[in-house]
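Each ligand, and each atom within it, is numbered from 1 in the order the structure gives. Hydrogens, waters and symmetry mates play no part in the numbers below; they use all other heavy atoms, side chains included.
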Amino acid sequence: MKGIVLARKLIVGNWKLNGSLPENQSLLKAMLSETSIQAPKPSHVEWVVCPPAVYISQASDLLSGSSIALAGQDVSDQEKGAFTGEISASMLLEFKCRYVLVGHSERRQRFAESNDLIAAKALAAMKAGLIPIVCVGESLADRESGSTFTVLSSQLDPLLSLLNPRALKGLVIAYEPVWAIGTGRNADGSTAQEAHAFLRNKLAQVDLACAAEVSILYGGSVKAANASEYAAQSDVDGVLVGGASLIISEFLSISQAFHA
Ligand code: PEP
């Protein structure tokens, strides 16, 4: 898609299955002090943290009144009822979550979540007023067999077919090649840009104007040392960071790469 991308920049920290009450407190306090006194970030860059579900209440209290947004790591496609272990979108909203991760590759692989279920989760989140960060990405085998774009399409199409075109604006996409997540083997900037441009073109086929406003994040072994590679790409609107988001100096440097 040619033209100016208007999407806001998001720096999202996915804590995964990490943290404890004291660890979370010190990380969030460090983030809060970085956002205010030491290194105010520009308003077009938003920080988002995704703690494990049991710590959302703690994070919500600590982040209250700050510019740091809160996200769930997953959400049910159901509103309420006999779904033991699940958390609904309205519950996340009660604790002031603004975003929720949906379809992370660890959920797809380890919990056998299908593209249809992920579409239903994203839709449930949007209907309730959350912004889903929908994760897509190919495996190494997909990439090596040349089916990256086919896989990305099959992951996104079920959701796009459910959405009113104007609702695209309420969506964030994260391109996370599975072979790059937690492996230390990140996609280089041009590989990420190629996938992001493909995804934005797909969105543009649904609604050209909205596609320019959808933030498309890169995720997969992002750290301070490689963040500027992604910030330099025209269709990369931020990053979804796992391991490095637990280290305040790393998270801050990653963010700074997107401040320009
Ligand atoms: C992730 O959890 O989405 C992720 C990209 O992890 P990491 O940065 O550790 O590769």
- Does Ala244 have a heavy atom less than 4.0 Å from any atom of ligand 1? no
- Message: How far is atom 8 (O) of ligand 1 from the closest protein heavy atom, and which atom is that?
- Response: Gly242 N, 2.8 Å
- Task: Examine the proximity of ligand 1 to Asn14 and report which part, side chain or backbone, both or neither, has a heavy atom under 4.0 Å away.
- Result: side chain
- Query: What are the atoms of ligand 1, with element, lying closer than 4.0 Å to any heavy atom of Gly243?
  - Reply: 7 (P), 8 (O), 9 (O)
- Item | ring-ring contact (aromatic ring centres under 6.0 Å, His included) contacts in which one or both residues fall within residues 88-118, not counting sequence neighbours | none
- Ser139 and Asp142: side-chain donor and acceptor closer than 3.5 Å? yes
- Based purely on interatomic distance, does Gly182 place a nitrogen or oxygen under 3.5 Å from a nitrogen or oxygen of ligand 1? yes
- In terms of atom number and element, which parts of ligand 1 are under 4.0 angstrom from non-hydrogen atoms of Gly220? 5 (C), 10 (O)
- Note on the structure: Tightest non-hydrogen contact, residues Ala125 and Pro132, listed as CB-CB, 4.3 Å
- Got the closest protein heavy atom to atom 2 (O) of ligand 1, with its distance? Lys16 CE, 2.7 Å
- Hey, is Cys135 one of the residues with a heavy atom under 4.0 angstrom from ligand 1? no
- Query: If only atom types and distance count, is the side chain of Glu138 paired as donor or acceptor with the main-chain N or O of Leu152 below 3.5 Å?
  - Reply: no
- For His104, take its heavy atoms, then give the atoms of ligand 1 lying under 4.0 Å from any of them. 1 (C), 2 (O), 3 (O)
- Message: Starting from Tyr218, can I reach Leu101 by hopping between I/L/V/M/F/W/Y residues whose side chains sit under 4.5 Å apart?
- Response: no
- Message: For Val214, is there any backbone N or O sitting under 3.5 Å from a side-chain donor or acceptor partner on Arg200?
- Response: yes
- Shortest protein contact, atom 5 (C) of ligand 1 (heavy atom only): Glu176 OE2, 3.1 Å
- Message: Heavy atoms only, cut-off 4.0 Å: how does Ala180 contact ligand 1, side chain, backbone, both, or neither?
- Response: backbone
- Task: For Trp15 and Tyr55, run ring-ring contact (aromatic ring centres under 6.0 Å, His included): C-alpha distance rounded to whole Å, both residues' side-chain angles, the deciding distance at 0.1 Å, then the answer.
- Result: CA-CA 11 Å; Trp15 294 2; Tyr55 296 130; 7.9 Å; no
- Residues Asp74 and Lys121 bridged, charged N to O under 4.0 Å: yes
